[in-house]
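Read through the structure below, which is laid out as structure tokens, and then see the notes.
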There are 2 protein chains.
Amino acid sequence: MDATLELVLERGFGGTAVTDIEAAAGLSPGSGSFYRHFRSKREVFEAVFERELDRARRHRTGFERGPVGGAAEAALTRRLLEQLDYLAAIRPLIMLLAREHGRFPELTARVREALLDGGIADEAAHLARDLDGAPGDEPLRDDPHAVTAVVVSALTGYHLSREFFGRPPAGVAPERFAAALAALLAARND
Amino acid sequence: MDATLELVLERGFGGTAVTDIEAAAGLSPGSGSFYRHFRSKREVFEAVFERELDRARRHRTGFERGPVGGAAEAALTRRLLEQLDYLAAIRPLIMLLAREHGRFPELTARVREALLDGGIADEAAHLARDLDGAPGDEPLRDDPHAVTAVVVSALTGYHLSREFFGRPPAGVAPERFAAALAALLAARND
DNA sequence: GTCTATAAAATGATAGAC
DNA sequence: GTCTATCATTTTATAGAC
């Protein structure tokens, strides 16, 4: 499964032959030994996908929660970096979706359910709520769902830009990026 | 070439047979008529990629420029929507990169040069500059490159989330998204 | 659980008639 | 510029020995 994941991320499902998987897994290429473990190429792909989905679900626990007190902006920055780390951790799942959502349309809904509905968007919403709950702040005068969308988009965009282009947007490192985003968010209730 | 683009975006290069391309182009499948137009499958892929790269380059002209005056936030919102439209227009190029940058590593630098170095990042930088030059504003007290990175990330992230997940983050429509981002940017010099 | 051997189909590509 | 026909290779998958 590790060999399959690596090859599919590099060449795609259609560009990966069972022979390649056997070779990468240390089996004799073309021997058909693969078929003692999985009944078809599709089956191993689905197994890999399920494994990565499970990993992603298990990974999202223990995020910091609660009102952002004291040095609000620094705390915010820390949480945003945490979310970037999460995205990095579930990289395989995101890349599997990016590569094969055309051939396996069912991936879309499954990843969305695991990531968006209960993942970053959730965290970003908490974040926005926590921020608004900070002592001394007035209630929101802007659109909280839209702010959540901006935060989620910025985080995923930053991650994907690094993945696809091999470097972060404008060459800005994660810490600088998170600090700038936190500053924008903190200033919005001034 | 149209048939090839569509098939490659859906199934990937390795998952698209020359036979499929022939069928989609209205030729007799398996006839080899494809080879009267291109010498190999790789060649048609490269032709498609170059065509989309060219289209993307030609498309980015006529963006609004200059100091954001008057209703600064509304003007900003308009420009951000313009950038989202641009991303939608060059969708094929972005998706080709997302799908095949593993198999054709040379795509990365070429798309980056066309999009990031002279594209959105450039526009975002102008945007930040124009915003700071607005009459009555004080000079920037934050990190302009990092703010640019946030804007680029937010725009690309919003676009890619819609592509990969089939819906915008938090269900927020483009207008709401752009308005929220503009509000965050406009508030940062208060 | 791996190997050799092999079958059946799909795939990339060419030759030559129309 | 398309078709029929064809070929060599690659690919998916199975059978059976060890």
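Chain letters run A, B, ... following the sequence lines, proteins first and then strands; every chain starts at 1.
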Between P of C:dG1 and CZ of A:F38, the distance in whole Å = 11 Å
On DNA chain C, more 5' by nearest nucleotide between B:R36 and B:R42 is B:R42
Look at the side chain of B:K41 and decide which nucleotide, out of D:dT11, C:dG12, D:dC3, has an atom nearest to it.
-> C:dG12
Heavy atoms under 4.0 Å, any strand shown: does B:S33 hit a base, just sugar-phosphate, or nothing?
-> base
A:E82 with A:R78: basic N within carboxylate O range, under 4.0 Å = no
Describe the nucleic acid contact of B:S28 in one word from base, sugar-phosphate, nothing, applying a heavy-atom distance below 4.0 Å.
-> sugar-phosphate
Whole angstrom is fine here: how far is it from NE2 in A:H37 over to C1' in D:dT12?
-> 16 Å
Presence of salt bridge, B:D54 and B:R51, under 4.0 angstrom | no
Quick one: A:E22 CD to C:dC3 C1', roughly how many Å, whole number?
-> 11 Å
Of the nucleotides C:dT2, C:dT4, C:dT11, which one has an atom closest to the side chain of A:L27?
-> C:dT2
Any A:S40 side-chain nitrogen or oxygen under 4.0 Å from OP1 or OP2 of D:dT12 | no
May I ask you to evaluate whether A:Y35 reaches the phosphate of D:dA13, defined as a side-chain N or O under 4.0 Å from OP1 or OP2?
-> yes
A:T19 side chain near D:dT11 phosphate (N/O to OP1/OP2, under 4.0 Å) | no
Between B:I21 (CD1) and C:dA10 (P), how many Å, whole number?
-> 17 Å
B:E106 and B:R112 ion-paired at < 4.0 Å | no
Should A:L181 and A:L76 count as side-chain neighbours, where that means a heavy-atom distance under 4.5 Å?
-> no
Between the side chain of A:E22 and the main-chain N/O of A:G30, is any donor-acceptor distance below 3.5 Å?
-> yes
Just how far, in rounded Å, is P of D:dT11 from CG of A:D20?
-> 6 Å
Rounded interatomic separation in angstrom, taking CZ from B:F34 and P from D:dT2 | 12 Å
